[in-house]
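Count residues from 1 along the sequence.
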Amino acid sequence: MSEDEIVAVLDKAHNCVENECSVDDVDTLIAELKEQQVVLNERLEHIMNVVAHLQKANSEKNRKSDNVRAIVKDMLRVFTTQDGKFAVGFSGDIGDGPTTAYDALPPKPWKAAN
C-alpha cells in the first residue's frame with residue numbers, strides 16, 4: 001500500500017472513532033478496506049507466482065540467466081511505484097489507446113445456414 005492509501009484508511013478509521021462510528025462511517029471504512037483487500041490480494045498472488053517461477057528457474061540444471069533476469073524484472077513491476085501508486089497490471093493502452101475486439105480484429109464473414 002502506498003502512503004496515501006494508508007493515510008486514507010487511517011483517516012476513515014479516525015473519523016469513525018470521532019463520530020461514534022455511525023452506520024455510514026463504518027460502511028465507508030468497510031468499503032475502503034475491501035478495496036484495499038482486493039488490490040493487496042492481486043499483488044500477493046502475483047508475488048507468489050513470481051517466487052514459484054524464480055525458484056524453478058534458479059534451480060534448473062542448465063540455468064539460463066536471461067530467464068532469471070526476466071522473472072526478476074517482472075517482480076520489480078510489483079514493487080515499483082509510479083505517481084505514488086503501485087503498478088498492478090496492464091492498462092490496455094496500445095497505440096492510439098484501448099480498442100474493442102471488433103475494432104482490433106476483422107469480423108468473420110457471415111454464412112447462411114443451409
Side-chain angles (χ1 to χ4, degrees):
M1 290 175 65
S2 71
E3 190 171 333
D4 292 338
E5 292 167 331
I6 293 170
V7 168
V9 170
L10 291 176
D11 284 345
K12 285 180 177 57
H14 286 295
N15 287 342
C16 178
V17 170
E18 291 171 1
N19 296 326
E20 299 180 13
C21 289
S22 69
V23 172
D24 290 338
D25 290 339
V26 174
D27 285 342
T28 302
L29 180 59
I30 289 170
E32 180 70 28
L33 290 171
K34 283 184 177 182
E35 185 178 313
Q36 292 304 320
Q37 181 181 17
V38 168
V39 170
L40 292 173
N41 280 334
E42 289 172 359
R43 289 186 64 212
L44 179 60
E45 181 180 341
H46 185 78
I47 291 169
M48 289 170 54
N49 288 334
V50 168
V51 167
H53 290 306
L54 191 56
Q55 285 176 330
K56 182 177 184 248
N58 200 41
S59 65
E60 288 179 350
K61 192 171 191 174
N62 296 327
R63 179 182 177 269
K64 296 181 181 177
S65 61
D66 290 340
N67 290 349
V68 173
R69 187 176 298 117
I71 294 169
V72 171
K73 278 185 178 180
D74 187 39
M75 179 204 59
L76 287 175
R77 276 188 325 109
V78 176
F79 296 103
T80 302
T81 58
Q82 182 179 0
D83 301 326
K85 297 181 180 178
F86 286 99
V88 292
F90 177 62
S91 67
D93 295 339
I94 296 178
D96 295 332
T99 60
T100 65
Y102 186 80
D103 294 333
L105 302 171
K108 292 183 178 181
W110 181 79
K111 293 181 183 178
N114 292 334

(message) Checking Glu32 now: which residues fulfil salt bridge (charged side-chain N to carboxylate O under 4.0 Å, His left out) with it, not counting sequence neighbours?
(response) Lys12
[X] side, atom [atom1]; [Y] side, atom [atom2] - distance, nearest 0.5 Å:
{"X": "Leu29", "Y": "Lys34", "atom1": "CG", "atom2": "NZ", "result": "11.5 Å"}
{"X": "Met48", "Y": "His53", "atom1": "CE", "atom2": "NE2", "result": "11.5 Å"}
{"X": "Leu40", "Y": "Ile47", "atom1": "CG", "atom2": "CD1", "result": "9.5 Å"}
{"X": "His46", "Y": "Leu44", "atom1": "NE2", "atom2": "CG", "result": "11.5 Å"}

(request) Applying side-chain contact (heavy atoms from CB on, under 4.5 Å) between Leu33 and each of Thr28, Val9, Val38, report the one that passes. (result) Val9
(message) List the residues meeting side-chain hydrogen bond (donor to acceptor under 3.5 Å, both in side chains) with Asn41, not counting sequence neighbours, and say none if there are none.
(response) none
